[in-house]
Amino acid sequence: MTDMRQLIAGNWKMHGRLAEVAAYAEAIRKAPAHVDILICPPFTLLDRFAAALSSSAVALGAQDCHPTPQGAHTGDISAQMLAETGATHVILGHSERRENHGESNAVVMAKAQAAIAAGLTPIVCVGETEDQRNEGEAEGVVRGQLAHSLPAKFAGVVAYEPIWAIGTGRTPTEADVTTMHATIRTALLAQLGEAGRGIKILYGGSVKPSNAATLLALPEVGGALVGGASLQAEDLLAIAASAPRS
Ligand code: 13P
């Protein structure tokens with residue numbers, strides 16, 4: 001990998017109120033300097049967060065975007081609109097969106113193209129269900145998601161989030177994370193050529209201060225996508241502190 005600094009990203013999902021932003025931003029500014037920190041709050045908090053994090057090293061991201069720049073799409077928000085708030089990243093194809101909003105790989109790819117065109121860094125999520133893992137299909141499922149969700153000129157981040165590990169307190173074994181991240185790297189190189197070497201691969205799913213050091217030290221793990229534990233700044237800071245130094 002060209003950039004060995006780890007990325008610790010917090011996905012707030014549908015949590016967080018305006019009143020919480022100032023204290024959280026103040027706390028997260030004190031993040032250790034050997035990692036990159038990214039906070040992805042709901043759309044409604046982006047503008048306030050951008051102001052609260054100004055002149056800090058903490059980056060800001062959104063959790064979704066529409067594939068087109070503008071138009072008759074009630075309730076949707078474009079990548080350009082996100083970029084205007086100060087966001088630099090956008091999570092795309094999270095399993096909760098694939099499942100709850102019927103997002104196909106093709107839709108995720110279109111969103112990733114839109115994000116890149118708007119100057120945002122897409123974080124494309126992939127991951128298998130528990131049944132798929134039990135059937136021995138996990139790697140094939142993830143390879144398929146990568147093949148059909150990543151545009152040909154993908155420049156961004158991939159997050160491996162086994163669906164059964166999200167919000168459950170369960171995580172895959174170290175061997176399973178290692179195998180899957182190696183599989184993802186191989187697929188990225190096959191799809192993107194040498195450019196695939198520089199793509200960070202995050203692990204997500206029940207990352208906590210107590211397991212972060214182990215997960216983040218595994219080969220080809222370039223950081224974490226943290227849900228529940230990112231809502232408390234001190235937990236995200238503890239996870240960041242446990243990331244290896246490059
Ligand atoms: P948890 O960390 O709450 O398991 O969520 C993971 C996730 O979905 C991050 O995108």
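Remember, it's 1-based here, ligands and their atoms both numbered in the order they're listed. For the single chain, residues carry numbers from 1 onward in sequence order.
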Once you measure the plane-to-plane angle for Phe49 and Trp12, does it fall in the parallel (<30°), tilted (30-60°) or perpendicular (>60°) bin?
perpendicular
How would you list all residue pairs meeting ring-ring contact (aromatic ring centres under 6.0 Å, His included) that involve residues 60-81, not counting sequence neighbours?
His66-His73
Do the side chain of His34 and the main chain of Ala243 share a donor and acceptor less than 3.5 angstrom apart?
yes
Under-4.0 Å salt bridge between Glu194 and Arg197
yes
Identify the protein atoms, limited to N or O, that lie within less than 3.5 Å of an N or O atom of ligand 1, and list each pair with its distance to 0.1 Å.
from	atom 1	to	atom 2	distance (Å)
ligand 1	2 (O)	Gly227	N	2.9
ligand 1	3 (O)	Gly228	N	2.8
ligand 1	4 (O)	Gly167	N	2.6
ligand 1	4 (O)	Ser206	N	2.8
ligand 1	5 (O)	Lys13	NZ	3.3
ligand 1	8 (O)	Lys13	NZ	2.8
ligand 1	8 (O)	His94	NE2	2.7
ligand 1	8 (O)	Glu161	OE1	3.4
ligand 1	10 (O)	Asn11	ND2	3.0
ligand 1	10 (O)	His94	NE2	3.0
ligand 1	10 (O)	Glu161	OE1	3.1
ligand 1	10 (O)	Glu161	OE2	2.9

For Glu99, look at atom CD and say whether over 12 heavy atoms of other residues, nucleotides or ligands are found less than 6.0 Å away.
no
Cluster link Leu202 to Val207, ILVMFWY, side chain under 4.5 Å:
no
